[in-house]
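Structure first, commentary second.
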Amino acid sequence: MAEQDVVHGTLSRINARAWGIATGLILGGGLCLATIVLVVRGGPYMGQHLGRLTNVLPGYSVSWLGAFVGLVYGFVVGYGLGRLIGPRSPLSSTREPSGTTHVRLNGKAWGLTLGAACGLVLFAVTNLLDVKGGEHPGAFLSNLHVYLPGFRVDFVGSLIGFAYLLALGFLAGELIAAIYNRAVERAEG
Amino acid sequence: MLDRMTQAQQTPRAEQELEEELALAFTPLHKRCLGVAVGVTLALVVALATVLHLLRSPDEPFPLVLLSQYMPGYSVSPLGALIGAGWGFFSGFVIGWFFAFARNVVLAIAKVVLHAKAELAESRGFLDHI
């Protein structure tokens, strides 16, 4: 039993690390690429919206250096988020390793993971902007109310936003798992 | 007696379960399939967000119109929803593919490291006896 616990612990750690690195690379690479696209395109109002990220990521700017800073921030945040939300249970919903060459996804695990990730990010960013205050805190973020009725940049709004994204993320995760599982079945024949 | 028999039956089953779990833990994600799955989902998200925006705030394209900075040809319009869905699929495919790739690589490296550590631990005892 003790041996089983050790194996479970090791697998859990490895799984969390894999999720952390994969999420970190996606988030860091995505922010870096988004910044570089704007820098290359140039213009008089270059990055006036993406540049607002400096409110939550100190030192970030829409510039070549900012792209690197964004890469680091994105990786660190993504790694932490990935480790935090990476499923503790196996990703697979079915125990059929014999003959299976690719893992199947557990829709509920992916749904909860994606929903929690999106919800936590919105919750954290909203509260950070609310705490920082200013004349129009979160003026840009508050535009989300078009898609998430009732959302606003304050604590109650952050809870509403969290609930919305948890639900939407859950649906998206379930959809991803369903499409993936079907596609893998087809690919493996 | 009965306890011993039950224990003897349970041990191979526990070992088998452990082996199955180990096999599953290191089984790779299918990169192309995850790319397609994330791509389809992101395409739906962009298209639905555009349609929702058109319904709720048809006169003010901001902030969704900012997507046109990264998705050439995109606009907050029915045609834009289609173009956005195409870009969403492309971006989602890249994200899904890369996520699966990164996860598979990390797990493969972890597997090699664990294997090497286990072999080293086994041979350590042997070296002590020389």
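Chain letters run A, B, ... following the sequence lines, proteins first and then strands; every chain starts at 1. Keep in mind the model is a prediction, meaning the values are calculated, not measured.
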Under 4.5 Å heavy-atom distance to chain A, tell me which part of B:I109 shows up: side chain, backbone, both or neither.
neither
Derivation of the side-chain hydrogen bond (donor to acceptor under 3.5 Å, both in side chains) call for B:Y74 and B:T50:
CA-CA 10 Å; B:Y74 174 78; B:T50 309; 2.8 Å; yes
A:V37, part contacting chain B, at a heavy-atom distance under 4.5 Å
side chain
Pick one of side chain, backbone, both or neither for A:L171, based on which atoms fall under 4.5 Å of a heavy atom in chain B.
neither
At a 4.5 Å cut-off on heavy atoms, which part of A:A172 comes close to chain B: side chain, backbone, both, or neither?
both
Return yes if a side-chain donor-acceptor contact under 3.5 Å exists between B:H30 and A:Y180, otherwise no.
no
Interface residue of largest heavy-atom contact number with chain B, from A:V184, A:I179, A:I176, under 4.5 Å:
A:I176
Taking side chain as everything from C-beta outward and backbone as N, CA, C, O, which of these in A:A34 sits under 4.5 Å from a heavy atom of chain B? Side chain, backbone, both or neither.
both
Name the region of B:L44, side chain, backbone, both or neither, that has any atom closer than 4.5 Å to a heavy atom of chain A.
side chain
Most heavy-atom pairs under 4.5 angstrom with chain B, which of A:R182, A:R17, A:R41?
A:R41
What option among A:V146, A:L38, A:L144 has the most heavy-atom pairs under 4.5 Å with chain B?
A:V146
So which atom in A:T101 and which in B:P28 form the shortest heavy-atom distance, rounded to 0.1 Å?
O-CD, 3.6 Å
Run the ring pair (Phe, Tyr, Trp, His ring centres under 6.0 Å) check on B:W97 and B:F101 step by step: do they pass?
CA-CA 6 Å; B:W97 191 95; B:F101 171 76; 5.5 Å; yes
Are B:Y70 and B:S91 close enough that a side-chain donor and a side-chain acceptor fall under 3.5 Å?
no
May I ask you to name which of B:L66, B:V40, B:L42 has the most heavy-atom pairs under 4.5 Å with chain A?
B:L66
Which pair of heavy atoms, one from B:V36 and one from B:F93, lies closest together, and at what distance?
N-CD1, 3.6 Å
Nearest 0.5 Å, please: how far is SG in A:C118 from CG in A:L114?
4.5 Å
